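All figures in this text were calculated on a predicted structure; none of them were measured in a lab. One is the number of the first residue; the rest follow in order along the sequence.
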Amino acid sequence: MTESWVNSAERIGADLHLELSGPGGRRAALTRALREAVRSGRLAPGTRLPPYRSLAADLGVARNTVADAYAELVAEGWLTARQGSGTRVAERAEPLRHLVRTPVKAPSRAGGPRHDLRQGRPDASVFPRTAWAASYRRALQAAPSEAFGPGDPAGRRELREALTEYLARARGVRTEPDRIVVCSGFAHALRLLFGRGAQEGPAAGGVLRGPLGVEAYGLGFHRELLAAAGVRTVPLPLDEHGARVEALGRERAVLLTPAHQFPTGGPLHPERRAAVIDWARAQGTVVLEDDYDGEFRYDRRPVGALQGLDPERVIHIGSVSKSLSPALRLGWMVLPQRYVDPVLAAKGEREGWASVPDQLALADFVACGSYDRHVRRMRQRYRRRRDRLVAALAAHAPHIEVTGIAAGLHAVLRLPPGTERSAVKAAAWQGIALDGLDAFRHPRSPTAAGDGLVVGYAAPAEHAYGAALEALCGALPPE
């Protein structure tokens, strides 16, 4: 059946008749009709199209149908979408030809997205340049000459001593300098523990072996890195108390984010913390603790590191990528004694070392108290950002539940079933870069956590944050 719609002149300034017919369903028919209207000149460059909600009502189709059609035409270059000016026919002399249609998460925009709400990104504008520069100068002036020769694969002693004191005081970690190995971040730690990454050719033997238990939701990049090393990962179900560690069987290790589950939020329940240690002891294996967002908590008491329960059964891994900057490429592993020599052998044989001057600077930065002051300052700043997000949603989208906000740098917005994909596309039209919750789901996870958006609130500049929240609220599905 052929369906048609004649728009009113006040909507786009001229009457336009669209016929929805042909194979592929209503979305495909609408896409063809709009493309033909542009190609034929009936829709001139710069013409503003109706909001997708209005067009959906006029056509009697689902809003997602119009949203998906608009998104496809924006991706192809026929239309443009900008906040404040709506969706318009692209400005060009003639239609684009020979386009290859490919699925995209967001329309390509010169200079990147207007609003960066991706998870895991700190506010780069507030890096403590003055304090860091002072620590760098002091560290270079005090450094012995041998610091600039061949180094220790464990990392500079000065940094390992500073980390020993800081981690004990701030995270409840029990260790000593000789059991800390400095690395370039969490991914680097995984490569050292499990073998070579994909960029280094066929998988090589590592310190640990699979299968590895992992949380059902986590970073896909880490799963890909492990797969490239020949490590099979086994997803553990999640609930409001974190990973369901009772599902662990004969895995050779397990990787957890016990301080703040990524990305769903919340600490691992105390009973499960004790249970996973008991499992590791019984199996003679080890727990990998990704101390994700352990320093940024807002509405709950600090949750100490899992490593404090049993230093011989937990590998504690941390970095400064969120607390300071991912550009520094500095992290650490706190190892059980039996793993120290194997990790050092792996690192010395095939891995690059973190910059010695940066290590010395971080050691001074921690020892003089600048790191603590910076973390406290950022904790206050990010809490205010989080509160503004929650307030904006309460005012403009009260039907959207916000979870995972007691700590960390992101929140999860729970969406009505079936709306995640269209919400991500709607956000892209508004110039927002963010991720849907399903993007973090393990491909073999038997259950899903539902539809949602993972919204990072740390990265936008302060002057642009209000506009980012306004755009976000405009992209959310209606009640």
> Could you pull out all residues at least two apart from Ala134 that satisfy side-chain contact (heavy atoms from CB on, under 4.5 Å)?
Arg137, Arg138
> Do the side chains of Leu360 and Leu159 get nearer than 4.5 Å, heavy atoms only?
no
> Any salt bridge (Lys or Arg N to Asp or Glu O under 4.0 Å) pairs touching residues 323-333, not counting sequence neighbours?
none
> Shortest non-hydrogen contact from Ala44 to Val89?
O-CB, 3.3 Å
> Could you give the side-chain donor-acceptor pairs of residues 450-461 under 3.5 Å, partners two or more places apart or in another chain?
unit_1 : atom_1 : unit_2 : atom_2 : d
Asp451 : OD2    : Gly418 : N      : 2.9
Asp451 : OD2    : Thr419 : N      : 3.0
Asp451 : OD2    : Glu420 : N      : 3.0
Tyr457 : OH     : Gly408 : O      : 3.0

> State whether the side chain of Gln359 and the backbone N or O of Ala354 hold a donor-acceptor pair below 3.5 Å, judged by distance alone.
yes
> Check this for me, if you would: do Asp291 and Arg171 make a salt bridge, where the nitrogen-to-carboxylate-oxygen distance has to be below 4.0 angstrom?
yes
> Taking only residues two or more places apart in sequence, or in another chain, which ones meet Arg421 in a side-chain hydrogen bond (donor to acceptor under 3.5 Å, both in side chains)?
Asp68
> What residues form a salt bridge (Lys or Arg N to Asp or Glu O under 4.0 Å) with Arg232, not counting sequence neighbours?
none
> Is any side-chain heavy atom of Pro122 closer than 4.5 Å to one of Tyr382?
yes
> Of the non-hydrogen atoms in Arg53 and Pro478, which two are nearest, and what is the gap between them?
NH2-CD, 4.1 Å
> How close do Ala471 and Gln430 get, heavy atom to heavy atom, and via which atoms?
O-CG, 3.8 Å
> Given side chains that start at C-beta, do those of Arg444 and Thr233 come closer than 4.5 Å, heavy atoms only?
yes
> Nearest 0.5 Å please: distance from the CZ atom of Arg35 over to the CG atom of Leu79.
9.5 Å
> If a pair satisfies salt bridge (Lys or Arg N to Asp or Glu O under 4.0 Å) and one of its residues is in residues 405-419, list it, with sequence neighbours excluded.
none
> Closest heavy-atom contact between Ala423 and Pro477?
CB-CD, 4.1 Å
> Going by heavy atoms in the side chains, are Val287 and Leu306 under 4.5 Å from each other?
yes
> Output yes when a side-chain donor or acceptor of Glu215 lies under 3.5 Å from a complementary backbone atom of Thr257, and no otherwise.
yes
> Any side-chain heavy atom of Leu193 within less than 4.5 Å of one from Met333?
yes
> Between Val375 and Phe296, which heavy-atom pair has the shortest distance, and what is it?
O-CE2, 4.0 Å
> Could you tell me which residues satisfy salt bridge (Lys or Arg N to Asp or Glu O under 4.0 Å) with Arg388, sequence neighbours excluded, listed by chain and number?
Glu462
> Given ring-ring contact (aromatic ring centres under 6.0 Å, His included), test Phe186 with His222 step by step and report yes or no.
CA-CA 9 Å; Phe186 187 81; His222 292 162; 4.7 Å; yes
> Quick one, His260 and Pro267 - any side-chain contact, counting heavy atoms below 4.5 Å?
no
> So among Arg377, Lys322, Arg381, Arg384, which one has a salt bridge (Lys or Arg N to Asp or Glu O under 4.0 Å) with Asp123?
Arg381
> For Ala216, does its backbone N or O pair with a side-chain atom of Arg441 as donor and acceptor, under 3.5 Å?
no
> Any side-chain heavy atom of Leu238 within less than 4.5 Å of one from Arg244?
no
> Measure the shortest side-chain to side-chain distance between His442 and Tyr217 over non-hydrogen atoms and say whether it is less than 4.5 angstrom.
no
> Under the ring pair (Phe, Tyr, Trp, His ring centres under 6.0 Å) test against Phe365, which residue among Tyr166, Trp132, Tyr136 passes?
Trp132
> Could you pull out the closest heavy-atom pair between Val412 and Thr264, with the gap in Å?
CG2-CA, 4.1 Å
> Can you name the residues that form a side-chain hydrogen bond (donor to acceptor under 3.5 Å, both in side chains) with Asp372, not counting sequence neighbours?
Arg169
> State which residues pass salt bridge (Lys or Arg N to Asp or Glu O under 4.0 Å) with Arg223; sequence neighbours excluded, sorted by chain then number.
none
> List the steps and the verdict of side-chain contact (heavy atoms from CB on, under 4.5 Å) for Leu362 and Asp358.
CA-CA 6 Å; Leu362 180 58; Asp358 284 347; over 6 Å; no
> Under the salt bridge (Lys or Arg N to Asp or Glu O under 4.0 Å) rule, collect the residues that match up with Arg383, sequence neighbours excluded.
Asp299
> Does anything in residues 390-406 pair up under salt bridge (Lys or Arg N to Asp or Glu O under 4.0 Å), and if so which pairs, sequence neighbours excluded?
none
> Using ring pair (Phe, Tyr, Trp, His ring centres under 6.0 Å) as the criterion, list what pairs up with His374, not counting sequence neighbours.
none
> Do Thr31 and Tyr70 have a side chain donor and acceptor closer than 3.5 Å?
no
